[in-house]
2 protein chains.
Amino acid sequence: MTDINFSRGAAHPDSHGNAGTSPAPREMRWDIIELLFFAYRDFVGDADHELEAFGFGRAHHRVMHFVYRYPGLKVADLLDVLRITKQSLGRVLKQLLDEGYIIQKTGNNDRRQRLLYATPKGEALVAKLAGLQTDRITRALRDINPDGVAAIGQFLRAMIDRDDPDKVLEAIFGTGSKKPRE
Amino acid sequence: MTDINFSRGAAHPDSHGNAGTSPAPREMRWDIIELLFFAYRDFVGDADHELEAFGFGRAHHRVMHFVYRYPGLKVADLLDVLRITKQSLGRVLKQLLDEGYIIQKTGNNDRRQRLLYATPKGEALVAKLAGLQTDRITRALRDINPDGVAAIGQFLRAMIDRDDPDKVLEAIFGTGSKKPRE
DNA sequence: AATTTATGTCAGTCATGTTGACATATCTTG
DNA sequence: CAAGATATGTCAACATGACTGACATAAATT
């Protein structure tokens with residue numbers, strides 16, 4: 001067994017040798033910063049593992065997820081949500097179309113648009129991955145009372161940038177530009 | 001302005017056409033799943049933006065962060081925490097050493113070990129990035145009472161895998177196998 | 001002395017992001 | 001209607017940060 005070079009209390013002391021010109025000691029939320037790192041790592045890890053079996057990566061998951069959740073999403077909307085370039089999106093989207101996880105329909109009003117929909121095959125994949133993540137979330141919320149759960153939702157919402165919200169965010173909050181009213 | 005193809009209520013209805021043989025409709029935590037996605041995206045986005053100025057990426061940030069926070073971390077520990085290969089770590093670590101953000105010291109007991117420490121330059125970088133993230137967290141927690149904040153911590157902790165915890169996780173929780181004591 | 005461990009490094013590959021340029025179909029506007 | 005703007009797709013080149021596999025060195029352990 002390797003020796004333990006830092007024990008329970010060995011994290012870097014916050015107030016250092018702050019002698020003289022330093023720009024004032026800040027109170028950092030190291031706890032939340034690190035918890036978010038580990039929590040998110042394990043949260044997406046659930047899906048990552050399963051995706052390997054399909055020969056897909058995280059990028060495919062994100063596309064499938066939002067297409068399933070917001071049927072009729074346009075390519076442009078997806079680009080806003082994922083914040084990647086159309087070339088990046090194009091690659092994974094093409095695979096998902098070719099392999100029958102997503103279908104495109106031409107827009108009714110605007111025939112240039114390609115509206116995206118999950119096929120049953122795609123829905124099954126999203127459901128499987130969301131099931132794993134839901135299991136983890138349900139487990140994590142098990143011993144937390146309704147007020148606590150509400151606080152968690154409020155916190156996560158407040159962590160999100162509200163300037164220039166994309167269509168999905170507008171759906172999650174209640175149609176942009178208004179101030180968040182919790 | 002492009003037309004809105006899904007409005008506030010247009011998210012995929014959970015109970016589909018569940019006629020017959022489907023494997024039972026699950027209650028999915030779409031809310032938390034999506035909030036985690038957006039919250040984490042914007043949370044790391046703060047640092048990403050700043051890192052560009054240094055010519056560094058997220059990988060550098062993660063290394064710097066944990067080296068600063070847990071001084072004397074061994075290379076092997078870092079590999080456990082980040083869950084990447086030593087080849088991947090080697091690349092970014094080499095840059096951080098070459099550019100004077102991190103220094104190595106030979107282990108006292110075991111002279112094969114390279115114990116890692118942040119230099120003042122490294123500490124400044126970590127502090128800058130943690131400051132941005134702390135700002136966001138503080139803002140998000142502003143209107144949440146102490147019980148709510150406790151619930152958020154409990155939730156994030158419970159989201160993390162506790163089997164095979166690395167040394168940093170042992171420090172965050174209270175040395176493996178025991179239950180977390182808030 | 002032999003083996004294991006901790007670390008470093010070379011070489012090649014893959015996934016996913018980026019820019020820039022350009023093509024096509026379709027809608028909008030003067 | 002002709003001209004321009006918009007939505008999408010695609011080609012090519014490149015960067016980052018993962019990966020595997022192989023191998024080298026120094027130091028500890030057996």
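Here is how names work: the chains are called A, B, and so on, in the same order as the sequence lines, proteins then strands, and each is numbered from 1. All of these numbers come straight from a predicted model, not from anything done at the bench.
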Please give, in whole Å, the distance from [N] [atom2] to [X] [atom1]?
{"X": "A/Lys105", "N": "D/dT8", "atom1": "NZ", "atom2": "C1'", "answer": "19 Å"}
{"X": "A/Leu93", "N": "C/dT16", "atom1": "CG", "atom2": "C1'", "answer": "15 Å"}
{"X": "B/Arg58", "N": "D/dA15", "atom1": "CZ", "atom2": "P", "answer": "20 Å"}
{"X": "B/Asp80", "N": "C/dA6", "atom1": "CG", "atom2": "C1'", "answer": "12 Å"}
{"X": "B/Leu78", "N": "C/dA6", "atom1": "CG", "atom2": "P", "answer": "15 Å"}
{"X": "B/Asp48", "N": "C/dT16", "atom1": "CG", "atom2": "P", "answer": "18 Å"}
{"X": "B/Lys74", "N": "D/dA27", "atom1": "NZ", "atom2": "P", "answer": "17 Å"}
{"X": "B/Glu52", "N": "D/dG17", "atom1": "CD", "atom2": "P", "answer": "11 Å"}

*Find which nucleotide of DNA chain C each of A/Ile84 and B/Val75 is nearest to by heavy atoms, and output the residue with the more 5' nucleotide.*
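The residue mapped nearer the 5' terminus is B/Val75.
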
*asked:* If you assign each of A/Arg114 and A/Arg83 to its closest nucleotide in DNA chain C, which residue comes earlier from the 5' end?
replied: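 Closest to the 5' end, via its nearest nucleotide, is A/Arg83.
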
_Against the six-membered ring of B/Phe173, is B/Arg162 placed for a cation-pi contact (under 6.0 Å from the centre, within 45° of the normal)?_
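Yes - B/Arg162 lies over the ring of B/Phe173, closer than 6.0 Å to its centre and within 45° of its axis.
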
_Pi-cation contact, B/Phe37 with A/Arg62 (under 6.0 Å, within 45°)_ =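 No, A/Arg62 and B/Phe37 do not form such a contact.
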
_Can you tell me if B/Lys94 has over 12 outside heavy atoms packed within less than 6.0 Å of its NZ?_
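Not more than 12 within 6.0 Å, no.
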
Scan [X] against the nucleic acid and name what it touches under 4.0 Å (heavy atoms): base, sugar-phosphate only, or nothing.
{"X": "A/Arg91", "value": "base"}
{"X": "A/Gln95", "value": "nothing"}
{"X": "A/Gly90", "value": "nothing"}

Among the candidates [options], find the nucleotide nearest to the side-chain atoms of [X].
{"X": "B/Ala59", "options": "C/dT26, D/dT10, D/dG17", "value": "D/dG17"}
{"X": "A/Lys94", "options": "D/dC19, C/dT7, D/dT10", "value": "D/dT10"}
{"X": "A/Gln87", "options": "D/dA7, D/dA18, C/dA21", "value": "C/dA21"}
{"X": "B/Arg111", "options": "D/dA27, D/dA7, C/dT7", "value": "D/dA27"}

_Looking only at the aromatic ring of each residue, does the gap between the centers of B/Phe66 and A/Phe38 stay below 6.0 angstrom?_
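Ring centres of B/Phe66 and A/Phe38 closer than 6.0 Å.
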
*Check whether any side-chain heavy atom of B/His65 lies under 4.5 Å from a side-chain heavy atom of A/Trp30, and answer yes or no.*
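In short, these two side chains touch, coming nearer than 4.5 Å.
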
_Is B/Ser88 close enough to D/dC19 that one of its side-chain N or O atoms is under 4.0 Å from OP1 or OP2 there?_
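Yes, within the criterion.
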
*asked:* For a quick test of reading the model: is some side-chain N or O of A/Thr85 closer than 4.0 Å to OP1 or OP2 of C/dG17?
replied: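 Result: no.
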
*Taking for each residue the nucleotide of DNA chain D bearing the nearest heavy atom, is the 5' side occupied by A/Lys86 or by A/Arg112?*
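The 5'-side residue here is A/Arg112.
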
